[in-house]
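So the structure is just underneath, and the comments pick up after that.
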Number of protein chains: 2
Amino acid sequence: MEPIKQRYSHQRETILQVVQSTLVHPNADWVYKETRKIIPNISLGTVYRNLNQLVESGRILKLKDEAMVRYDGNTGQHDHFRCSKCGKWYDVELIDQSIFKSFAEKHDFRIESFNLELEGTCKNCLDS
Amino acid sequence: MEPIKQRYSHQRETILQVVQSTLVHPNADWVYKETRKIIPNISLGTVYRNLNQLVESGRILKLKDEAMVRYDGNTGQHDHFRCSKCGKWYDVELIDQSIFKSFAEKHDFRIESFNLELEGTCKNCLDS
DNA sequence: AAGTTAATAGTAATAGTTACTGTTATGTTT
DNA sequence: AAACATAACAGTAACTATTACTATTAACTT
């Protein structure tokens, strides 16, 4: 099995520049509209495909992995670890959230919620 | 303007019990399927509406607020703060990610990515 | 018991994303 | 430099998560 060769593409490089040139943390549609200013007939599918490729090659970051809302009946303070192999979510006690309060005071933000999500491989999946 | 009265609803209480009875951090569809085992003809719209109401009243948590993927051209270590008023995302340097490594070793997890997102109101929006 | 309207079931519509199809362009081999 | 193989493309259709709509039902009030 040969490794798949990735070819140069004008569209992909333009999309990369668009994402790298901003601090707004854009969604796909924003990238699409901005890139169309440079390549007017680029298609939305091309933008999505290349954003995914750029994430895979580590050249940009994806801020949310699952585009789906999830719920938790446990409203107490805790964080989350998700296993990317089996998909299971673990409640973990990781961070004393008081550190956010001092951060908020320092920067004059008012913090309403924190969401710390770790992703990786859980013990079960590492063992098997 | 009178406050809107919330009436008791068998469906809402059942949905709450379903979410509270599990640790799987379900999405709406899972809640829908489970609740249908108890109320076979409950509709998907009712599940979504009540999940949102339960979140608003603080009886359950919503793990992801925006059901949309966002990208970041800055691949260096940093966290995110999102202003719920103006929607702007701020890069913040908040946590030394080495604490995750010791956590992972302690629990035999392998961590591949961290995602800390704070939400609240930014200085700009607090001032105006 | 009658009246008011929040909540419902069922369905249609919307938004974000992915898949498909015929065509184009990139890199390779003659 | 011409012919070739196929990654990438534009355009569009399909899919999935979520919200909106509508006529009906059921919870509270008087």
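Computed from a predicted structure; not experimentally measured. Just so we're on the same page: letters track the sequence lines, and every chain starts at 1.
- One finds a side-chain N or O of B:T46 lying less than 4.0 angstrom from the OP1 or OP2 phosphate oxygen of C:dA9.
- Of all non-hydrogen atoms in A:I15 and A:I42, the two that sit nearest each other are CD1-CD1, 4.1 Å.
- Comparing B:R12 and B:N41, the nucleotide of DNA chain C nearest to each residue sits closer to the 5' end for B:R12.
- Atom CG of A:N27 is separated from atom P of C:dT18 by 13 Å (rounded to the nearest Å).
- Separating the CG atom of A:L16 from the P atom of D:dA8 is a distance of 15 Å, rounded to the nearest angstrom.
- If you take CZ of B:R49 and P of D:dC21, they are 13 Å apart, rounded to a whole angstrom.
- No side-chain heavy atom of A:Q53 sits less than 4.5 Å from a side-chain heavy atom of A:R59.
- The distance from atom CD1 of A:I39 to atom C1' of C:dT24 is 14 Å, rounded to the nearest whole Å.
- Remark: B:N52 is in phosphate contact with D:dT19, judged by side-chain N or O atoms under 4.0 Å from OP1 or OP2.
- Hydrophobic clustering of Ile, Leu, Val, Met, Phe, Trp and Tyr side chains at less than 4.5 Å, counting indirect connections, keeps A:L16 apart from A:L23.
- Summarising the geometry of A:S21 relative to A:V18, their closest heavy-atom pair is OG-O, 2.9 Å, with the distance given to 0.1 Å.
- Here the closest non-hydrogen pair linking B:L54 and B:R12 is CD2-CG, 4.0 Å.
- Listed here is the closest heavy atom pair of B:C122 and B:Y90: SG-OH, 3.1 Å.
- With axes fitted over five pairs at each extremity, the angle between the ends of the helix from C:dA1-D:dT30 to C:dT30-D:dA1 is 30° (10° resolution).
- Looking at every heavy atom in both residues, B:T14 comes nearest to B:H10 through OG1-O, 2.8 Å.
- A sub-4.0 Å separation between OP1 or OP2 of C:dA7 and a side-chain N or O of B:Q53 is present.
- For A:E13 and D:dA8, the CD to C1' distance is 13 Å, given to the nearest whole Å.
- In this structure, B:I15 atom CD1 and C:dT8 atom C1' are separated by 11 Å, rounded to whole Å.
- Taking the nucleotide of DNA chain D with the nearest heavy atom to each of A:G45 and B:Y48, the more 5' of the two is matched to A:G45.
- An OP1 or OP2 oxygen of C:dT8 is reached within less than 4.0 angstrom by a side-chain nitrogen or oxygen of B:N50.
- Nucleic acid contact class of A:L44 (heavy atoms, under 4.0 Å, all strands): base.
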Checklist outcome for this item: Whether each nucleotide of nucleotides 23-29 of chain D has a protein heavy atom under 4.0 Å at its base (B), only at its sugar-phosphate (S) or at neither (-) is summarised, 5' to 3', as ---BBS-
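- We find that OH of A:Y32 is positioned 14 Å from P of C:dT17, with the value rounded to whole Å.
- Residues A:D79 and A:D91 fail the side-chain proximity criterion, which asks for heavy atoms closer than 4.5 Å.
- Pairing each heavy atom of A:F109 with each of B:L126, the nearest pair is C-CD1, 4.2 Å.
- A cation-pi arrangement is present between A:R36 and A:Y32 under the rule of less than 6.0 angstrom and at most 45 degrees off the ring axis.
- A sub-4.0 Å separation between OP1 or OP2 of D:dA10 and a side-chain N or O of A:Q11 is present.
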